[in-house]
2 protein chains.
Amino acid sequence: MLMHATPVSLPRPHSLSELGMSAASNPMVSLREFTYRRGSEIYGEKEPAEYIYQVKSGTVRSYKLLSDGRRQINAFHIPGDTFGLTNGGVHRFTTEAVTDTTVRLIRRESLDAVAGSDGTLTGSLLHMTMTNLRHAEDHMLLLGRKTSLERVAAFLIEMDRRLTAAGVLALPMSRRDIADYLGLTLETVSRSLSHLRELGVLAFIDNNQRHIVLMDRQQLAGFDRRN
Amino acid sequence: MLMHATPVSLPRPHSLSELGMSAASNPMVSLREFTYRRGSEIYGEKEPAEYIYQVKSGTVRSYKLLSDGRRQINAFHIPGDTFGLTNGGVHRFTTEAVTDTTVRLIRRESLDAVAGSDGTLTGSLLHMTMTNLRHAEDHMLLLGRKTSLERVAAFLIEMDRRLTAAGVLALPMSRRDIADYLGLTLETVSRSLSHLRELGVLAFIDNNQRHIVLMDRQQLAGFDRRN
DNA sequence: ACGCCGCCTTGATCTAGCGCAACTTGAGGC
DNA sequence: GCCTCAAGTTGCGCTAGATCAAGGCGGCGT
């Protein structure tokens, strides 16, 4: 779980085409893996989208920026998640490795062109896109109408579902990342977590504020039961 | 443009299956049209999704509610837009006619099952879903990180693009609808619009606060140029 | 060991937007 | 015409969350 304090970028492909393509005939064949060091960029908003990605290990954040630096994190991608799917051929988010992350690169033969050819492929793309859409829809309700405590509770419930192992919720991301995901400030996130700890809903363990044990999922869900 | 002050529900199909199906063999054949009176519900969240819809005339709002009544409007659908597409077979939003609205009903043979059969069909569903997803992604940035003035400016720009005719932006929805779309209160929307009017960015016409002329699109865009 | 640094927490204050209320205006009914 | 009602505007506090600031803590490099 230890991170490098000074993230040193691995030699990553500056343009994705530098990766080459070993078995380029079938567009859904996994080509190769690549590892990104903590904090490094996987691709930037508005870059041409030549690949889609599947997380093998690690965590990825996907976000948009306003020109003055305000950031909205759209999603965290964990092992098994696919990301980077777009229709316009251009990425709509910047993605970065939250921790050291290994991804599988999947060549993207222009999805718009492929639409009519392979129903099975397109069907799985549709399913993935639907999954992303459902998440975005739920997140709009959170961002538009939920209080800070409700947002943090919803976040914990989501992360508990997605990445709790051995009873411990080991968050890979910082308070700032959480804040930018929930449309709050890092201080408000910290205060909400402290509040939940005081209420006995959760506890920090291992002398690590990212290692959380949920003591009362019932009560936690109660803070988001207005849903 | 005149509306009934007291919305009287037309006899609408309580369950969509009551609509019957004339040419049910091809799932993408338009079956029939239906008209909903201003304010009436088209379908509710968690209802089974038997049809998808295309707006022929009018405007539809799509939203989620929290149990205490807080509402987040996800999208406004105008003529040409398709809505009601979902994968789980269950609607994730409630939709209502903002004005008297006529829709085309399209029978939805379980999309999950259809996925592998007709690539062209699935491809067009994928395109629609991608379009919805892109909108949702942009809206998350707005809801999570933009100021009230930026939100209202972005709203006006979106609506200007989608429904300005003859130089007049004729908004079909109330201030409350706009507020619930932008994650604000109706008062804040009203104040922001007044502020933009004082600045000469827009003007109300026809003695109707929903009829807006944009006097300075350049300056208006400036309030959302942090994007 | 020591100091630095990134991350987090906590306290104090500030403010954008909310909530409440009064008032205006236009449309429809009679 | 007059009344009612829905929708919108505006003013005036108020508060949830932002902002500013101080301090703690653990890991890492030297």
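Just so it is clear: chains get the letters A, B, ... in the order the sequence lines come, proteins before strands, and each one is counted from 1.
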| query | Any chance the rings of B:Y53 and B:Y43 have centres within less than 6.0 Å? | reply | yes
| message | Between the base of C:dC8 and the side chain of A:E187, is there a donor and acceptor pair under 3.5 angstrom? | response | no
| query | Looking at A:T185, does any N or O in its side chain come under 4.0 Å of the phosphate oxygens OP1/OP2 on D:dA18? | reply | yes
| said: Between B:R175 and B:S190, do the side chains contain a donor N or O and an acceptor N or O under 3.5 Å apart? | reply: no
| query | Between C:dC8, D:dG8, D:dT9, which nucleotide has the shortest distance from any of its atoms to the side chain of A:S190? | reply | C:dC8
| request: May I have the distance from B:L149 (atom CG) to C:dA16 (atom C1'), rounded to whole angstrom? | output: 12 Å
| query | Does B:R175 make a side-chain N or O approach to OP1 or OP2 of D:dT10 shorter than 4.0 Å? | reply | no
| request: Indicate, yes or no, whether a donor-acceptor pair under 3.5 Å links the base of D:dG11 to the side chain of B:R191. | output: yes
| field | Nucleotide C:dG26, atom P - distance to CD of B:Q209 in whole Å | value | 8 Å
| request: Grab the CD-P distance between A:E150 and D:dA16 for me, whole Å please. | output: 12 Å
| query | Are any of A:S148's side-chain N or O atoms less than 4.0 Å away from OP1 or OP2 of D:dG17? | reply | yes
| message | Taking any heavy-atom pair under 4.0 Å as a contact, classify B:L186: base, sugar-phosphate, or nothing. | response | base
| query | Separation of A:M173 atom CE from C:dC8 atom C1', in whole Å? | reply | 16 Å
| request: For A:D68 and D:dT19, give me the distance from atom CG to atom P, rounded to whole Å. | output: 10 Å
| request: Return the value, rounded to whole Å, for the distance between atom CD1 of A:I178 and atom P of C:dC7. | output: 13 Å
| To the nearest 0.5 Å, what is the distance between CD (B:E150) and CZ (B:R145)? | 12.0 Å
| query | Can any side-chain N or O of B:R61 pair as donor or acceptor with the backbone N or O of B:V98 at less than 3.5 Å? | reply | no
| message | Tell me whether the side-chain N/O atoms of B:T188 come closer than 4.0 Å to OP1 or OP2 in C:dC18. | response | yes
| query | Can a side chain N or O of A:T147 be found less than 4.0 Å away from OP1 or OP2 on D:dA16? | reply | no
| task | Would you indicate what A:R197 reaches in the nucleic acid, counting non-hydrogen atoms under 4.0 angstrom: base, sugar-phosphate, or nothing? | result | sugar-phosphate
| request: Could you say whether B:V189 or B:R145 is positioned toward the 5' end of DNA chain D, judged by the nucleotide with the nearest heavy atom to each? | output: B:V189
Without placing hydrogens or testing angles, list every side-chain donor-acceptor pair under 3.5 Å for residues 72-85 of chain A, not counting sequence neighbours.
{"from": "A:Q72", "atom 1": "NE2", "to": "A:D180", "atom 2": "O", "distance (Å)": "3.2"}
{"from": "A:Q72", "atom 1": "NE2", "to": "A:Y181", "atom 2": "O", "distance (Å)": "3.2"}
{"from": "A:D81", "atom 1": "OD2", "to": "A:I78", "atom 2": "N", "distance (Å)": "2.9"}
{"from": "A:D81", "atom 1": "OD2", "to": "A:R162", "atom 2": "NH2", "distance (Å)": "2.5"}

| Could you state the NE2-P distance from A:H211 to D:dG26, rounded to the nearest angstrom? | 14 Å
| said: Rounded to whole Å, how long is the line connecting atom CZ of B:R70 with atom C1' of C:dG19? | reply: 15 Å
